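Presented below is the structure to which this report refers.
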There are 2 protein chains.
Amino acid sequence: MHQSETGLVQRSAPGAGAIRQALQEQIAHGLLPAMERLPSERQLSELFATTRITLREALLQLEALGLIYREERRGWFVAPPRLAYNPLARTHFHAMVEAQGRRPATEVLAARQMLASAEICRLLELPALSSVYQIRRVRRVDGRLVLYVEHYLNAAYFPGLLEHDLQRSLTELYRDRYDIRYGEVRFEILPTALLPEAAQALRVAQGSPALHITRINHDQQGRLIDCDLEFWRHDAIQVRVEVPD
Amino acid sequence: MHQSETGLVQRSAPGAGAIRQALQEQIAHGLLPAMERLPSERQLSELFATTRITLREALLQLEALGLIYREERRGWFVAPPRLAYNPLARTHFHAMVEAQGRRPATEVLAARQMLASAEICRLLELPALSSVYQIRRVRRVDGRLVLYVEHYLNAAYFPGLLEHDLQRSLTELYRDRYDIRYGEVRFEILPTALLPEAAQALRVAQGSPALHITRINHDQQGRLIDCDLEFWRHDAIQVRVEVPD
DNA sequence: TAGTGGTCTAGACCACTGA
DNA sequence: CAGTGGTCTAGACCACTAA
(Lines give C-alpha, C1' and ligand atoms only; values in the text may rest on other atoms or scores of the structure.)
Protein backbone atom coordinates (compact mmCIF):
# COMPACT_ATOMS: atom_id res chain seq x y z
CA MET A 1 0.00 0.00 0.00
CA HIS A 2 2.83 2.41 -0.82
CA GLN A 3 0.76 5.23 -2.23
CA SER A 4 3.74 7.44 -2.92
CA GLU A 5 1.91 9.48 -5.51
CA THR A 6 4.69 11.99 -5.89
CA GLY A 7 8.06 12.28 -4.31
CA LEU A 8 6.76 15.28 -2.43
CA VAL A 9 3.97 13.54 -0.60
CA GLN A 10 5.33 12.71 2.80
CA ARG A 11 4.02 9.87 4.90
CA SER A 12 2.14 12.31 7.10
CA ALA A 13 0.71 10.01 9.76
CA PRO A 14 3.09 7.30 10.97
CA GLY A 15 0.46 6.05 13.41
CA ALA A 16 0.97 4.67 16.88
CA GLY A 17 2.14 1.29 15.61
CA ALA A 18 4.91 2.77 13.49
CA ILE A 19 6.04 5.05 16.30
CA ARG A 20 6.15 2.08 18.64
CA GLN A 21 8.32 0.16 16.20
CA ALA A 22 10.68 3.08 15.72
CA LEU A 23 11.21 3.47 19.45
CA GLN A 24 11.33 -0.29 19.94
CA GLU A 25 14.15 -0.55 17.45
CA GLN A 26 16.12 2.22 19.13
CA ILE A 27 15.76 0.50 22.49
CA ALA A 28 16.64 -2.94 21.13
CA HIS A 29 19.85 -1.60 19.68
CA GLY A 30 20.83 0.01 22.93
CA LEU A 31 20.66 3.58 21.66
CA LEU A 32 18.47 4.34 24.64
CA PRO A 33 20.19 2.80 27.67
CA ALA A 34 18.24 1.17 30.52
CA MET A 35 16.72 3.52 33.08
CA GLU A 36 17.34 6.52 30.85
CA ARG A 37 14.55 9.05 30.62
CA LEU A 38 12.85 9.49 27.27
CA PRO A 39 12.31 13.00 25.87
CA SER A 40 9.06 14.60 26.98
CA GLU A 41 5.80 13.54 25.37
CA ARG A 42 5.50 16.92 23.71
CA GLN A 43 8.97 16.71 22.24
CA LEU A 44 8.34 13.18 20.99
CA SER A 45 4.99 14.06 19.47
CA GLU A 46 6.67 16.89 17.59
CA LEU A 47 9.47 14.58 16.50
CA PHE A 48 6.99 12.09 15.06
CA ALA A 49 4.72 14.82 13.70
CA THR A 50 1.65 13.63 15.56
CA THR A 51 -0.53 14.49 18.53
CA ARG A 52 0.27 13.73 22.12
CA ILE A 53 -2.60 11.26 22.29
CA THR A 54 -1.28 9.18 19.43
CA LEU A 55 2.23 9.38 20.77
CA ARG A 56 0.96 8.32 24.17
CA GLU A 57 -0.77 5.35 22.60
CA ALA A 58 2.60 4.22 21.27
CA LEU A 59 4.18 4.66 24.70
CA LEU A 60 1.39 2.64 26.31
CA GLN A 61 2.04 -0.19 23.87
CA LEU A 62 5.72 -0.17 24.78
CA GLU A 63 4.73 -0.16 28.43
CA ALA A 64 2.52 -3.20 27.85
CA LEU A 65 5.47 -4.97 26.27
CA GLY A 66 7.53 -4.11 29.32
CA LEU A 67 10.10 -2.13 27.35
CA ILE A 68 9.49 1.20 29.05
CA TYR A 69 7.88 2.28 32.31
CA ARG A 70 6.84 5.50 33.94
CA GLU A 71 7.23 7.16 37.24
CA GLU A 72 4.17 9.16 38.02
CA ARG A 73 4.49 12.67 36.65
CA ARG A 74 8.22 12.25 36.26
CA GLY A 75 8.41 10.78 32.82
CA TRP A 76 9.04 7.65 30.81
CA PHE A 77 12.11 5.49 31.26
CA VAL A 78 13.69 2.56 29.47
CA ALA A 79 13.07 -0.65 31.40
CA PRO A 80 16.10 -2.57 32.66
CA PRO A 81 16.33 -6.36 32.18
CA ARG A 82 13.79 -8.41 34.10
CA LEU A 83 14.66 -10.10 37.34
CA ALA A 84 14.42 -13.89 37.28
CA TYR A 85 12.21 -14.89 40.18
CA ASN A 86 11.45 -18.36 41.46
CA PRO A 87 8.65 -18.18 44.04
CA LEU A 88 9.47 -21.72 45.12
CA ALA A 89 13.02 -20.91 46.09
CA ARG A 90 13.76 -20.60 49.79
CA THR A 91 16.29 -17.84 49.25
CA HIS A 92 15.40 -14.32 50.29
CA PHE A 93 14.99 -11.21 48.20
CA HIS A 94 18.37 -9.60 48.82
CA ALA A 95 20.30 -12.77 48.08
CA MET A 96 18.29 -13.39 44.93
CA VAL A 97 18.78 -9.87 43.59
CA GLU A 98 22.48 -9.79 44.39
CA ALA A 99 22.99 -13.18 42.77
CA GLN A 100 21.87 -11.53 39.55
CA GLY A 101 24.28 -8.67 39.90
CA ARG A 102 21.66 -6.12 40.86
CA ARG A 103 21.32 -3.85 43.88
CA PRO A 104 18.42 -4.64 46.26
CA ALA A 105 16.78 -2.39 48.85
CA THR A 106 13.84 -2.76 51.21
CA GLU A 107 11.71 -0.17 52.99
CA VAL A 108 9.23 -0.98 55.72
CA LEU A 109 6.11 1.12 55.28
CA ALA A 110 4.27 -0.11 58.34
CA ALA A 111 4.10 -3.03 60.75
CA ARG A 112 1.32 -3.77 63.20
CA GLN A 113 -0.71 -6.43 64.89
CA MET A 114 -4.30 -6.60 63.66
CA LEU A 115 -7.37 -8.75 63.25
CA ALA A 116 -7.13 -11.00 60.24
CA SER A 117 -9.48 -10.00 57.44
CA ALA A 118 -11.79 -12.62 55.95
CA GLU A 119 -9.37 -13.03 53.03
CA ILE A 120 -6.39 -13.57 55.33
CA CYS A 121 -8.34 -16.01 57.51
CA ARG A 122 -9.04 -18.04 54.40
CA LEU A 123 -5.42 -18.03 53.23
CA LEU A 124 -3.95 -18.88 56.62
CA GLU A 125 -6.83 -21.20 57.56
CA LEU A 126 -7.48 -19.25 60.73
CA PRO A 127 -10.70 -19.09 62.75
CA ALA A 128 -12.64 -15.84 63.03
CA LEU A 129 -11.17 -13.06 65.16
CA SER A 130 -7.64 -14.34 64.80
CA SER A 131 -4.70 -12.05 65.31
CA VAL A 132 -1.98 -11.58 62.72
CA TYR A 133 1.01 -9.39 62.16
CA GLN A 134 0.87 -7.29 59.03
CA ILE A 135 4.06 -5.93 57.50
CA ARG A 136 3.89 -3.68 54.47
CA ARG A 137 7.08 -3.16 52.53
CA VAL A 138 8.32 -1.92 49.20
CA ARG A 139 11.39 -3.27 47.51
CA ARG A 140 13.74 -1.82 44.95
CA VAL A 141 16.13 -3.19 42.39
CA ASP A 142 18.89 -0.80 41.36
CA GLY A 143 16.96 1.97 43.04
CA ARG A 144 13.77 1.34 41.10
CA LEU A 145 10.57 0.52 42.98
CA VAL A 146 9.42 -2.84 41.70
CA LEU A 147 7.49 -4.63 44.43
CA TYR A 148 4.86 -3.85 47.03
CA VAL A 149 4.30 -6.65 49.55
CA GLU A 150 1.96 -7.26 52.41
CA HIS A 151 3.11 -10.03 54.72
CA TYR A 152 0.65 -11.63 57.11
CA LEU A 153 2.07 -13.78 59.91
CA ASN A 154 0.13 -16.06 62.18
CA ALA A 155 0.69 -14.16 65.44
CA ALA A 156 0.63 -17.35 67.51
CA TYR A 157 3.96 -18.43 66.07
CA PHE A 158 5.84 -15.14 66.30
CA PRO A 159 5.59 -13.62 69.80
CA GLY A 160 7.20 -10.20 70.07
CA LEU A 161 7.79 -9.94 66.36
CA LEU A 162 7.41 -6.18 66.14
CA GLU A 163 10.42 -5.62 68.38
CA HIS A 164 12.79 -6.94 65.77
CA ASP A 165 14.37 -5.18 62.84
CA LEU A 166 11.90 -5.76 60.01
CA GLN A 167 14.02 -4.22 57.33
CA ARG A 168 16.12 -7.35 57.11
CA SER A 169 15.03 -10.60 55.56
CA LEU A 170 12.10 -12.29 57.24
CA THR A 171 13.55 -15.65 56.21
CA GLU A 172 16.60 -14.94 58.36
CA LEU A 173 14.55 -13.56 61.22
CA TYR A 174 12.38 -16.69 61.27
CA ARG A 175 15.44 -18.90 61.40
CA ASP A 176 17.49 -16.95 63.91
CA ARG A 177 14.81 -15.95 66.39
CA TYR A 178 12.07 -18.51 66.05
CA ASP A 179 13.89 -21.56 64.66
CA ILE A 180 11.38 -21.67 61.82
CA ARG A 181 12.33 -22.61 58.26
CA TYR A 182 10.28 -22.72 55.09
CA GLY A 183 8.82 -26.06 54.07
CA GLU A 184 6.01 -26.52 51.58
CA VAL A 185 5.24 -23.48 49.47
CA ARG A 186 2.15 -22.74 47.43
CA PHE A 187 1.64 -19.77 45.17
CA GLU A 188 -0.77 -18.17 42.77
CA ILE A 189 -0.07 -15.75 39.97
CA LEU A 190 -2.71 -13.34 38.77
CA PRO A 191 -2.06 -10.86 35.99
CA THR A 192 -4.07 -7.78 36.91
CA ALA A 193 -3.73 -4.06 37.53
CA LEU A 194 -2.34 -2.33 40.59
CA LEU A 195 -4.79 -1.59 43.39
CA PRO A 196 -4.78 2.01 44.67
CA GLU A 197 -2.58 1.32 47.72
CA ALA A 198 -0.02 -0.65 45.73
CA ALA A 199 0.00 1.94 42.94
CA GLN A 200 0.61 4.72 45.44
CA ALA A 201 3.38 2.81 47.18
CA LEU A 202 5.14 2.10 43.89
CA ARG A 203 4.44 5.62 42.66
CA VAL A 204 2.91 4.52 39.40
CA ALA A 205 -0.37 5.35 37.71
CA GLN A 206 -3.26 3.50 39.23
CA GLY A 207 -4.35 0.82 36.81
CA SER A 208 -0.86 0.00 35.57
CA PRO A 209 -0.51 -3.64 34.60
CA ALA A 210 0.94 -5.77 37.38
CA LEU A 211 1.57 -9.29 38.51
CA HIS A 212 -0.14 -10.25 41.74
CA ILE A 213 1.59 -13.19 43.40
CA THR A 214 0.18 -14.79 46.51
CA ARG A 215 2.55 -17.06 48.41
CA ILE A 216 1.47 -19.33 51.20
CA ASN A 217 4.29 -20.73 53.32
CA HIS A 218 4.47 -23.69 55.65
CA ASP A 219 7.35 -24.37 58.00
CA GLN A 220 9.51 -27.47 58.38
CA GLN A 221 6.77 -29.04 60.52
CA GLY A 222 4.06 -28.39 57.95
CA ARG A 223 2.42 -25.57 59.94
CA LEU A 224 0.92 -22.73 57.92
CA ILE A 225 3.00 -19.83 59.17
CA ASP A 226 2.51 -16.86 56.89
CA CYS A 227 1.44 -15.57 53.50
CA ASP A 228 2.69 -12.81 51.21
CA LEU A 229 0.57 -10.70 48.93
CA GLU A 230 3.00 -9.39 46.35
CA PHE A 231 2.35 -6.80 43.67
CA TRP A 232 5.11 -6.62 41.10
CA ARG A 233 5.52 -4.13 38.31
CA HIS A 234 4.66 -6.36 35.41
CA ASP A 235 7.83 -5.48 33.53
CA ALA A 236 10.18 -6.12 36.43
CA ILE A 237 10.13 -9.88 36.58
CA GLN A 238 10.21 -13.13 34.78
CA VAL A 239 8.91 -16.01 36.86
CA ARG A 240 10.97 -19.16 36.43
CA VAL A 241 10.08 -22.45 38.04
CA GLU A 242 12.02 -25.67 37.86
CA VAL A 243 10.84 -28.81 39.51
CA PRO A 244 12.39 -32.24 39.21
CA ASP A 245 10.01 -35.11 38.58
CA MET B 1 -13.04 19.52 46.49
CA HIS B 2 -16.84 19.51 46.31
CA GLN B 3 -17.30 22.86 44.64
CA SER B 4 -21.09 22.60 44.62
CA GLU B 5 -21.51 26.34 44.30
CA THR B 6 -25.22 26.13 43.71
CA GLY B 7 -27.61 23.25 43.64
CA LEU B 8 -27.82 23.69 39.93
CA VAL B 9 -24.19 22.96 39.22
CA GLN B 10 -24.03 19.35 38.26
CA ARG B 11 -20.95 17.23 38.66
CA SER B 12 -20.21 17.52 34.98
CA ALA B 13 -17.16 15.33 34.59
CA PRO B 14 -17.22 12.02 36.44
CA GLY B 15 -13.79 11.14 35.09
CA ALA B 16 -12.49 7.81 33.91
CA GLY B 17 -11.87 6.57 37.45
CA ALA B 18 -15.44 7.17 38.54
CA ILE B 19 -16.82 5.54 35.42
CA ARG B 20 -14.60 2.54 36.03
CA GLN B 21 -15.89 2.23 39.57
CA ALA B 22 -19.49 2.48 38.48
CA LEU B 23 -19.09 -0.27 35.91
CA GLN B 24 -16.96 -2.32 38.29
CA GLU B 25 -19.70 -2.26 40.86
CA GLN B 26 -22.32 -3.34 38.37
CA ILE B 27 -20.16 -6.25 37.27
CA ALA B 28 -19.29 -7.27 40.83
CA HIS B 29 -22.95 -7.46 41.72
CA GLY B 30 -23.71 -9.60 38.72
CA LEU B 31 -25.94 -7.08 37.01
CA LEU B 32 -23.83 -7.62 33.93
CA PRO B 33 -23.46 -11.40 33.50
CA ALA B 34 -20.27 -13.01 32.27
CA MET B 35 -19.67 -12.96 28.51
CA GLU B 36 -22.44 -10.42 28.00
CA ARG B 37 -21.74 -7.61 25.61
CA LEU B 38 -21.59 -4.09 27.02
CA PRO B 39 -23.50 -1.31 25.28
CA SER B 40 -21.57 0.43 22.54
CA GLU B 41 -18.88 2.93 23.45
CA ARG B 42 -20.99 5.75 22.05
CA GLN B 43 -23.98 4.75 24.12
CA LEU B 44 -21.87 4.45 27.24
CA SER B 45 -20.15 7.78 26.70
CA GLU B 46 -23.57 9.40 26.38
CA LEU B 47 -24.77 7.60 29.49
CA PHE B 48 -21.85 8.92 31.51
CA ALA B 49 -21.98 12.33 29.85
CA THR B 50 -18.42 12.24 28.62
CA THR B 51 -16.35 11.74 25.49
CA ARG B 52 -15.58 8.44 23.92
CA ILE B 53 -11.89 8.84 24.74
CA THR B 54 -12.56 9.22 28.45
CA LEU B 55 -15.04 6.38 28.39
CA ARG B 56 -12.50 4.24 26.58
CA GLU B 57 -9.93 5.03 29.23
CA ALA B 58 -12.30 3.58 31.82
CA LEU B 59 -12.82 0.47 29.71
CA LEU B 60 -9.07 0.02 29.32
CA GLN B 61 -8.68 0.15 33.09
CA LEU B 62 -11.31 -2.54 33.49
CA GLU B 63 -9.53 -4.56 30.84
CA ALA B 64 -6.26 -4.23 32.75
CA LEU B 65 -8.01 -5.53 35.85
CA GLY B 66 -9.26 -8.47 33.83
CA LEU B 67 -12.92 -7.65 34.40
CA ILE B 68 -13.84 -7.07 30.79
CA TYR B 69 -12.30 -8.00 27.46
CA ARG B 70 -12.81 -7.16 23.83
CA GLU B 71 -13.12 -9.00 20.61
CA GLU B 72 -11.64 -6.98 17.83
CA ARG B 73 -14.23 -4.66 16.34
CA ARG B 74 -17.01 -6.65 17.93
CA GLY B 75 -17.29 -4.96 21.27
CA TRP B 76 -16.60 -5.26 24.96
CA PHE B 77 -17.68 -8.25 27.04
CA VAL B 78 -17.77 -9.14 30.71
CA ALA B 79 -14.95 -11.53 31.55
CA PRO B 80 -15.91 -14.96 32.91
CA PRO B 81 -14.10 -16.39 35.95
CA ARG B 82 -10.45 -17.22 35.45
CA LEU B 83 -9.29 -20.72 34.78
CA ALA B 84 -6.99 -22.21 37.42
CA TYR B 85 -3.90 -23.44 35.63
CA ASN B 86 -1.01 -25.43 37.03
CA PRO B 87 1.78 -25.61 34.45
CA LEU B 88 3.46 -28.36 36.45
CA ALA B 89 0.48 -30.68 36.22
CA ARG B 90 0.76 -33.57 33.79
CA THR B 91 -2.92 -33.39 32.90
CA HIS B 92 -3.91 -32.11 29.48
CA PHE B 93 -5.92 -29.07 28.55
CA HIS B 94 -9.30 -30.69 27.95
CA ALA B 95 -9.23 -32.63 31.22
CA MET B 96 -8.18 -29.53 33.14
CA VAL B 97 -10.90 -27.36 31.67
CA GLU B 98 -13.62 -29.94 32.11
CA ALA B 99 -12.57 -30.56 35.71
CA GLN B 100 -13.50 -26.93 36.33
CA GLY B 101 -16.90 -27.31 34.74
CA ARG B 102 -16.00 -25.42 31.60
CA ARG B 103 -16.18 -26.35 27.93
CA PRO B 104 -12.82 -26.77 26.14
CA ALA B 105 -12.08 -26.68 22.41
CA THR B 106 -8.95 -26.87 20.31
CA GLU B 107 -8.23 -25.81 16.73
CA VAL B 108 -5.10 -26.68 14.82
CA LEU B 109 -3.97 -23.71 12.76
CA ALA B 110 -0.99 -25.38 11.13
CA ALA B 111 1.44 -28.25 11.55
CA ARG B 112 4.70 -28.74 9.71
CA GLN B 113 8.23 -29.94 9.91
CA MET B 114 10.81 -27.17 9.85
CA LEU B 115 14.30 -26.08 10.79
CA ALA B 116 14.53 -25.07 14.41
CA SER B 117 15.05 -21.33 14.90
CA ALA B 118 17.89 -20.14 17.09
CA GLU B 119 15.45 -19.62 19.93
CA ILE B 120 14.06 -23.14 19.64
CA CYS B 121 17.52 -24.64 19.42
CA ARG B 122 18.35 -22.94 22.68
CA LEU B 123 15.21 -24.14 24.43
CA LEU B 124 15.47 -27.72 23.20
CA GLU B 125 19.26 -27.78 23.44
CA LEU B 126 19.56 -28.78 19.81
CA PRO B 127 22.54 -28.36 17.50
CA ALA B 128 22.32 -26.06 14.49
CA LEU B 129 20.22 -27.15 11.52
CA SER B 130 18.07 -29.46 13.64
CA SER B 131 14.61 -30.47 12.50
CA VAL B 132 11.53 -29.95 14.63
CA TYR B 133 7.80 -30.29 14.28
CA GLN B 134 5.89 -27.08 14.80
CA ILE B 135 2.22 -27.20 15.71
CA ARG B 136 0.26 -23.99 16.08
CA ARG B 137 -3.06 -24.17 17.84
CA VAL B 138 -5.64 -21.99 19.50
CA ARG B 139 -7.74 -23.10 22.43
CA ARG B 140 -11.10 -21.99 23.71
CA VAL B 141 -12.89 -22.10 27.01
CA ASP B 142 -16.68 -21.89 26.76
CA GLY B 143 -16.27 -20.80 23.17
CA ARG B 144 -13.96 -17.92 23.99
CA LEU B 145 -10.49 -17.81 22.45
CA VAL B 146 -8.04 -17.72 25.35
CA LEU B 147 -4.80 -19.33 24.29
CA TYR B 148 -2.46 -19.35 21.32
CA VAL B 149 0.24 -22.04 21.49
CA GLU B 150 3.19 -23.01 19.41
CA HIS B 151 4.49 -26.50 20.16
CA TYR B 152 7.97 -27.49 19.05
CA LEU B 153 8.81 -31.18 19.14
CA ASN B 154 12.23 -32.70 18.71
CA ALA B 155 11.62 -34.49 15.41
CA ALA B 156 14.02 -37.30 16.27
CA TYR B 157 11.63 -38.62 18.91
CA PHE B 158 8.38 -38.42 16.95
CA PRO B 159 8.69 -40.06 13.54
CA GLY B 160 5.59 -39.68 11.38
CA LEU B 161 3.96 -37.28 13.78
CA LEU B 162 2.10 -35.27 11.17
CA GLU B 163 0.06 -38.29 10.13
CA HIS B 164 -1.78 -38.36 13.42
CA ASP B 165 -4.81 -36.41 14.54
CA LEU B 166 -3.32 -33.30 16.13
CA GLN B 167 -6.58 -31.92 17.37
CA ARG B 168 -6.52 -34.30 20.29
CA SER B 169 -4.28 -34.01 23.30
CA LEU B 170 -0.57 -34.29 22.57
CA THR B 171 -0.12 -35.84 26.01
CA GLU B 172 -2.30 -38.75 24.96
CA LEU B 173 -0.69 -39.01 21.55
CA TYR B 174 2.77 -39.18 23.12
CA ARG B 175 1.66 -41.93 25.44
CA ASP B 176 -0.36 -44.02 22.99
CA ARG B 177 1.87 -43.83 19.92
CA TYR B 178 5.34 -43.17 21.22
CA ASP B 179 5.25 -44.54 24.76
CA ILE B 180 6.50 -41.17 26.00
CA ARG B 181 5.31 -39.61 29.24
CA TYR B 182 6.11 -36.28 30.84
CA GLY B 183 8.85 -36.19 33.45
CA GLU B 184 10.59 -33.06 34.63
CA VAL B 185 8.92 -29.81 33.66
CA ARG B 186 10.37 -26.32 33.64
CA PHE B 187 8.47 -23.14 32.86
CA GLU B 188 8.80 -19.40 32.65
CA ILE B 189 6.13 -16.78 32.96
CA LEU B 190 6.51 -13.41 31.32
CA PRO B 191 3.85 -10.72 31.56
CA THR B 192 3.94 -8.91 28.24
CA ALA B 193 1.77 -7.92 25.30
CA LEU B 194 0.56 -10.14 22.47
CA LEU B 195 2.82 -10.41 19.45
CA PRO B 196 1.15 -9.76 16.08
CA GLU B 197 0.66 -13.43 15.18
CA ALA B 198 -0.79 -14.32 18.57
CA ALA B 199 -3.02 -11.24 18.56
CA GLN B 200 -4.37 -12.13 15.15
CA ALA B 201 -4.99 -15.74 16.11
CA LEU B 202 -6.86 -14.69 19.26
CA ARG B 203 -8.63 -11.92 17.38
CA VAL B 204 -7.71 -9.24 19.85
CA ALA B 205 -6.07 -5.87 19.46
CA GLN B 206 -2.35 -6.12 19.00
CA GLY B 207 -0.68 -4.97 22.16
CA SER B 208 -3.29 -6.39 24.51
CA PRO B 209 -1.80 -7.50 27.81
CA ALA B 210 -0.97 -11.17 27.88
CA LEU B 211 0.81 -13.86 29.81
CA HIS B 212 3.57 -15.61 27.92
CA ILE B 213 4.33 -19.02 29.38
CA THR B 214 7.19 -21.11 28.08
CA ARG B 215 7.11 -24.77 29.09
CA ILE B 216 10.02 -27.13 28.57
CA ASN B 217 9.17 -30.79 28.95
CA HIS B 218 11.32 -33.83 29.57
CA ASP B 219 10.09 -37.40 29.30
CA GLN B 220 10.26 -40.23 31.83
CA GLN B 221 13.87 -40.89 30.79
CA GLY B 222 14.90 -37.27 31.25
CA ARG B 223 15.15 -36.54 27.53
CA LEU B 224 14.19 -33.04 26.42
CA ILE B 225 11.28 -33.83 24.13
CA ASP B 226 9.36 -30.64 23.40
CA CYS B 227 8.56 -27.10 24.42
CA ASP B 228 5.41 -24.99 24.30
CA LEU B 229 5.26 -21.26 23.73
CA GLU B 230 1.92 -20.24 25.16
CA PHE B 231 0.23 -16.85 24.90
CA TRP B 232 -2.73 -16.51 27.21
CA ARG B 233 -5.21 -13.70 27.39
CA HIS B 234 -4.07 -12.13 30.63
CA ASP B 235 -7.58 -12.20 32.12
CA ALA B 236 -8.26 -15.83 31.31
CA ILE B 237 -6.08 -17.56 33.86
CA GLN B 238 -4.81 -17.74 37.34
CA VAL B 239 -1.62 -19.73 37.65
CA ARG B 240 -1.57 -21.95 40.72
CA VAL B 241 1.41 -24.01 41.74
CA GLU B 242 1.64 -26.37 44.65
CA VAL B 243 4.78 -28.22 45.49
CA PRO B 244 5.38 -30.39 48.51
CA ASP B 245 8.65 -29.84 50.34
C1' DT C 1 -25.86 -0.66 4.77
C1' DA C 2 -26.01 1.02 9.46
C1' DG C 3 -23.44 0.85 13.37
C1' DT C 4 -19.24 -0.61 15.61
C1' DG C 5 -14.66 -0.23 17.44
C1' DG C 6 -9.91 1.59 16.06
C1' DT C 7 -7.56 5.52 15.26
C1' DC C 8 -6.53 10.26 14.82
C1' DT C 9 -6.64 15.69 15.14
C1' DA C 10 -5.96 19.97 17.70
C1' DG C 11 -6.43 21.85 21.06
C1' DA C 12 -7.26 22.68 26.69
C1' DC C 13 -6.63 22.83 31.98
C1' DC C 14 -4.76 20.81 36.13
C1' DA C 15 -1.53 19.04 39.77
C1' DC C 16 2.74 18.19 40.41
C1' DT C 17 8.04 17.97 39.78
C1' DG C 18 12.45 19.81 39.74
C1' DA C 19 15.48 23.61 39.08
C1' DC D 1 8.17 29.08 38.10
C1' DA D 2 8.64 26.65 33.74
C1' DG D 3 7.77 22.31 32.09
C1' DT D 4 5.90 17.73 32.83
C1' DG D 5 2.63 14.04 32.69
C1' DG D 6 -2.47 13.16 33.64
C1' DT D 7 -6.73 14.10 32.03
C1' DC D 8 -10.35 15.88 29.25
C1' DT D 9 -13.23 18.09 25.18
C1' DA D 10 -15.43 17.74 20.67
C1' DG D 11 -15.16 16.41 17.02
C1' DA D 12 -13.48 13.25 12.52
C1' DC D 13 -12.59 9.25 9.15
C1' DC D 14 -11.73 4.41 8.38
C1' DA D 15 -12.17 -0.74 8.22
C1' DC D 16 -14.82 -3.96 9.60
C1' DT D 17 -18.99 -6.62 11.54
C1' DA D 18 -23.53 -8.12 11.55
C1' DA D 19 -28.03 -7.79 9.81
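For clarity, every value in this text was computed on a predicted model and none was experimentally measured. Protein chains get the first letters and strands the later ones, always in sequence-line order, with residue 1 at the start of each.
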When you measure from the side-chain N and O atoms of A/S40 to the phosphate of D/dG3, is any distance below 4.0 Å, counting only OP1 and OP2?
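So the side chain of A/S40 is outside the cut-off, no N or O lying under 4.0 Å from OP1 or OP2 of D/dG3.
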Does C/dG11 have its OP1 or OP2 closer than 4.0 Å to a side-chain nitrogen or oxygen of A/T51?
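No, because none of the side-chain N or O atoms of A/T51 sits under 4.0 Å from OP1 or OP2 of C/dG11.
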Without decimals, in angstroms, what is the distance between [X] [atom1] and [N] [atom2]?
X: A/E46; N: C/dG11; atom1: CD; atom2: C1'; value: 15 Å
X: A/L38; N: D/dG3; atom1: CG; atom2: C1'; value: 17 Å
X: B/L44; N: C/dG6; atom1: CG; atom2: P; value: 13 Å
X: B/R42; N: D/dA10; atom1: CZ; atom2: P; value: 16 Å

Does the ring center of A/W232 lie less than 6.0 Å from the ring center of A/Y85?
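Centroid distance A/W232-A/Y85: below 6.0 Å, so yes.
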Using heavy atoms and a sub-4.0 Å distance, could you list which residues of residues 65-77 of chain A are near DNA chain C? By number, please.
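A/R73, A/R74, in order of number.
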Residues from residues 52-62 of chain A lying under 4.0 Å of DNA chain C - heavy atoms
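Going residue by residue through residues 52-62 of chain A, the ones with a heavy atom under 4.0 Å of DNA chain C turn out to be A/R52, A/I53, A/T54.
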Would one find more than 12 heavy atoms of other residues, nucleotides or ligands at under 6.0 Å from atom CZ of B/R168?
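Counting neighbours around CZ of B/R168, more than 12 heavy atoms of other residues, nucleotides or ligands fall under 6.0 Å, so yes.
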Please check if any side-chain donor atom of B/E119 sits under 3.5 Å from a side-chain acceptor atom of B/Y152, or the reverse.
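No, no side-chain donor-acceptor pair sits under 3.5 Å.
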For A/R203, which contact category applies under a 4.0 Å heavy-atom criterion: base, sugar-phosphate, or nothing?
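No contact.
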If you apply the rule side-chain contact (heavy atoms from CB on, under 4.5 Å), what do you find for B/L161 with B/I135, and how did you get there?
CA-CA 10 Å; B/L161 180 95; B/I135 306 173; 3.9 Å; yes
Those residues that, when tested against B/E107, pass side-chain hydrogen bond (donor to acceptor under 3.5 Å, both in side chains) (two or more places apart)
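In terms of side-chain hydrogen bond (donor to acceptor under 3.5 Å, both in side chains), with neighbours along the sequence ignored, B/E107 is linked to B/R140.
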CD of B/E41 to CG of B/L47: how many Å apart, nearest 0.5 Å?
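Rounded to the nearest 0.5 Å, the CD-CG separation comes to 13.5 Å.
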